[in-house]
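A, B, ... follow the sequence lines: proteins, then strands. Residue 1 opens every chain. Nothing here was measured: the structure is a model prediction, and the numbers come from that model. No hydrogens, no waters, no symmetry mates; every other heavy atom, side chains included, goes into these values.
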Protein chains: 4
Amino acid sequence: MKKGEKTKAIILETGRDLFWKFSFKDISVDHICETAEVNKGTFYRYFESKVDLCLQVIDHNYEMMIKDIFERSFSETSDPITRYEGIIRRIYNLQKGFYDDEGRCRGCPFVNLAMELANQEESIRKKLNKVYEGMIEYFSEIYSQAEKQGIATIRSDKNEMARKMLYVLNGSLVSSKIGKRPDLILEVIPTTRVLLGVA
Amino acid sequence: MKKGEKTKAIILETGRDLFWKFSFKDISVDHICETAEVNKGTFYRYFESKVDLCLQVIDHNYEMMIKDIFERSFSETSDPITRYEGIIRRIYNLQKGFYDDEGRCRGCPFVNLAMELANQEESIRKKLNKVYEGMIEYFSEIYSQAEKQGIATIRSDKNEMARKMLYVLNGSLVSSKIGKRPDLILEVIPTTRVLLGVA
Amino acid sequence: MKKGEKTKAIILETGRDLFWKFSFKDISVDHICETAEVNKGTFYRYFESKVDLCLQVIDHNYEMMIKDIFERSFSETSDPITRYEGIIRRIYNLQKGFYDDEGRCRGCPFVNLAMELANQEESIRKKLNKVYEGMIEYFSEIYSQAEKQGIATIRSDKNEMARKMLYVLNGSLVSSKIGKRPDLILEVIPTTRVLLGVA
Amino acid sequence: MKKGEKTKAIILETGRDLFWKFSFKDISVDHICETAEVNKGTFYRYFESKVDLCLQVIDHNYEMMIKDIFERSFSETSDPITRYEGIIRRIYNLQKGFYDDEGRCRGCPFVNLAMELANQEESIRKKLNKVYEGMIEYFSEIYSQAEKQGIATIRSDKNEMARKMLYVLNGSLVSSKIGKRPDLILEVIPTTRVLLGVA
DNA sequence: GATGAATGAGACTTCATTCAT
DNA sequence: GATGAATGAAGTCTCATTCAT
């Protein structure tokens, strides 16, 4: 890794952390630069604008989520329900970690940005929409398998079912943030069992 | 209504509209004053700060939601499922209206503010938490009745069930905003039927 | 004059002075505010942007030029040639004053801004174009009278002749600034006599 | 031409083009480097500073003007009036070309820089002053010949007459830029005929 | 000989809030 | 009771230049 790449990576990681912990509008470029210990000119050498950083942060978060949460859960087992529980448990562990460290849940980095910016920054809204399409594919896969194997007894269009699974998850993340209650995320597991018709 | 009260009401309504249409940070006090056609000095006569306005906007939104959405749906019928569908349909109509007028869904005014500010403005987070406790009481009531009447076949702690109903609703509002798809809100109805175990 | 008007007038006069003495790009809003002893927020209360100030400065300069140079010269006499000489002499006196005070000629405030900004700020170019149309009307009037009275022996379209008179004047202002030689402006008088065919 | 010389020539030509098309302050060193496709370090290897580049651009422009406009017009004929007309026509053609390509006249590269920088960058002012002294020599020569040959009937100090010829030319270049009217430059020809007293 | 990285000052502009009338 | 004026901190972003390879 060259020097420049390292600098960019530090800025990216700093933005990722601060935007998630607080919000997009609450964090200034100055703040990011101070935290990352880089010059403001350097920031704009690597990112066209604050929004551009945000866009790249979303990409970065997406890649990490897929790798550390979805793919890891998938690689552990081939049972779709266990896979799903692995995903939720990992999300819970993350928020529980934030809660223990910071006294509050950070919530979903995608939902946070979406609610803050979707109606003002079209580029961000579009990217977040694609993020959720990606997640829906994973959920869709889980449902398909569960349905094929007779574990899930409820018949549905697989994308529609995946969307519903997403509603439950995102809704619980919202509540856990508002209520400072990471435990609520665990309620997603039995809820989704009912949704899929798993005994 | 006295002149002063009227002025305050105009500011409150303007804040309600703009914070919802855009976001808290995107709307400046200047912008509110220009739109409401009041002087900046006047603003600070009626509201201690921008956050104070926001707090009162939340109260106002809550009152309107209870009156226009929940109570109206309750007064129409005594059937719990029909009541629930009335609530969702009213929420859908609202977002559909925004979509037709503005080309996008505004999303839930409480979720929006929560995701934007919960981790920075504790006073706002607390108030939003109470808002959802209020909503949960309504959902709890619906479930209790449905369960008592044998319409809902799934047994659960009523508050837990109400929370799950909220997850589905809030999750769908998030997705409808990100995807500019008000129709997704209607998916809440069948989803919740499954959750409650309604035939 | 109300307080606000006074503040605006101070900013306007400061901008007029600094833009003329230096240039548009060399003078920052900060610099103007410090010189005018007003807060930056106050600046933007009265002017939408730096370009907006510049536009109003041009208007202000134009009004002053018409009043103090053209109208005054016209009111002194009815002889067109004497009127013209009055105009040039007043312009010379102005630049001579700058030269004595500051060691250099400021040049024409309109030509300066035009050369600096015409190809980047269309709004400024357009306004400056109108300024010169205004000046051409005065020169046109002078020529018309001189021609009617038989003082000017050269026949020409009056607007074309006025434009030529403007070329000589503006050209001399350019040279006086580049050469730090206010005296060159006085050469305009005999030059224009030849142009008009005045004995 | 060695590689280094070539690199320097590219930067010089890029600066020449951009400073003329826009202005000195509007063009950043970054912009020049990107357009010239050279590294910023390389820029500062060949030029001490942005002002240094500007100084060399002026020299370069001067050499090109002398060669392509003045010398070429002189070599075509020995008649002083035809020579003069050749100069003006070439200047017109240049501006007409800019107008056709870019929708506007660039104006005189010397006048542009002078009005923008004369009062802030003494080194640039001085160099521009010398440029005009050079031009005056050519005009002086034209007048001398015309006067000697009896073509020009007006008696004058030759340098003074040359200065006046310059005023007309520069003034028309200013007007053509402000008015986006390259045709105005052609008015210089009859104007100067009157000035010289050519039948 | 050339490159990419870094710097710090400063650009224009907006903010929530307070003060004086 | 209400208005317009003023404030200073902070916002995003660009600049000419230098440094370390």
Atom [atom1] of [X] to atom [atom2] of [N]: distance rounded to whole Å?
X: D/Q120; N: F/dA16; atom1: CD; atom2: C1'; value: 17 Å
X: B/E34; N: F/dT3; atom1: CD; atom2: P; value: 15 Å
X: D/R45; N: F/dT17; atom1: CZ; atom2: C1'; value: 16 Å
X: C/L53; N: E/dC12; atom1: CG; atom2: C1'; value: 13 Å
X: D/Y46; N: E/dT3; atom1: OH; atom2: P; value: 9 Å
X: D/E37; N: E/dG4; atom1: CD; atom2: C1'; value: 16 Å

Trace of the side-chain contact (heavy atoms from CB on, under 4.5 Å) decision for C/R104 with C/F98: CA-CA 6 Å; C/R104 58 200 190 203; C/F98 291 138; over 6 Å; no
When you check the side-chain N and O atoms of [X] and [Y], is any donor under 3.5 Å from an acceptor?
X: A/D17; Y: A/T14; value: no
X: B/N61; Y: B/R16; value: yes
X: D/D26; Y: D/S23; value: yes

side-chain contact (heavy atoms from CB on, under 4.5 Å) between C/V29 and C/L53, intermediate numbers included: CA-CA 10 Å; C/V29 173; C/L53 170 64; over 6 Å; no
Geometric cation-pi criterion, D/K8 with D/F43: 6.0 Å, 45°: no
A/N112 backbone acceptor or donor facing B/E116 side chain under 3.5 Å: no
Check: D/K177 side chain, C/M115 main-chain N or O, donor-acceptor pair, under 3.5 Å: yes
side-chain N/O A/N39 vs E/dA6 OP1/OP2, d < 4.0 Å: no
Under 4.0 angstrom between D/T42 side-chain N/O and E/dG1 OP1 or OP2: no
Other residues, nucleotides, ligands: >12 heavy atoms within 6.0 Å of D/E48 CD: no
Sugar-phosphate, base or nothing in reach of D/F47, heavy atoms under 4.0 Å: nothing
Sugar-phosphate, base or nothing in reach of A/G4, heavy atoms under 4.0 Å: sugar-phosphate
Secondary-structure string, 5' to 3', Watson-Crick or G-U under 3.5 Å, | for another-strand partners, for DNA chain F: .||||||||||||||||||||
Candidate nucleotides E/dA2, E/dA6, F/dA5, ranked by approach to the side chain of C/K3 - the nearest: F/dA5
I'd like a table of atom pairs between the protein and nucleotides 10-13 of chain F - only N or O on both sides, under 3.5 Å - with the distance next to each one.
{"unit_1": "F/dT12", "atom_1": "OP1", "unit_2": "A/K50", "atom_2": "NZ", "d": "2.9"}
{"unit_1": "F/dT12", "atom_1": "OP2", "unit_2": "A/V29", "atom_2": "N", "d": "2.9"}
{"unit_1": "F/dC13", "atom_1": "OP2", "unit_2": "A/Y44", "atom_2": "OH", "d": "2.8"}
{"unit_1": "F/dC13", "atom_1": "OP2", "unit_2": "A/K50", "atom_2": "N", "d": "3.0"}
{"unit_1": "F/dC13", "atom_1": "O5'", "unit_2": "A/Y44", "atom_2": "OH", "d": "3.4"}
{"unit_1": "F/dC13", "atom_1": "N4", "unit_2": "A/K40", "atom_2": "NZ", "d": "2.4"}

Nearest-nucleotide 5' precedence on DNA chain E, B/G41 against A/E5: A/E5
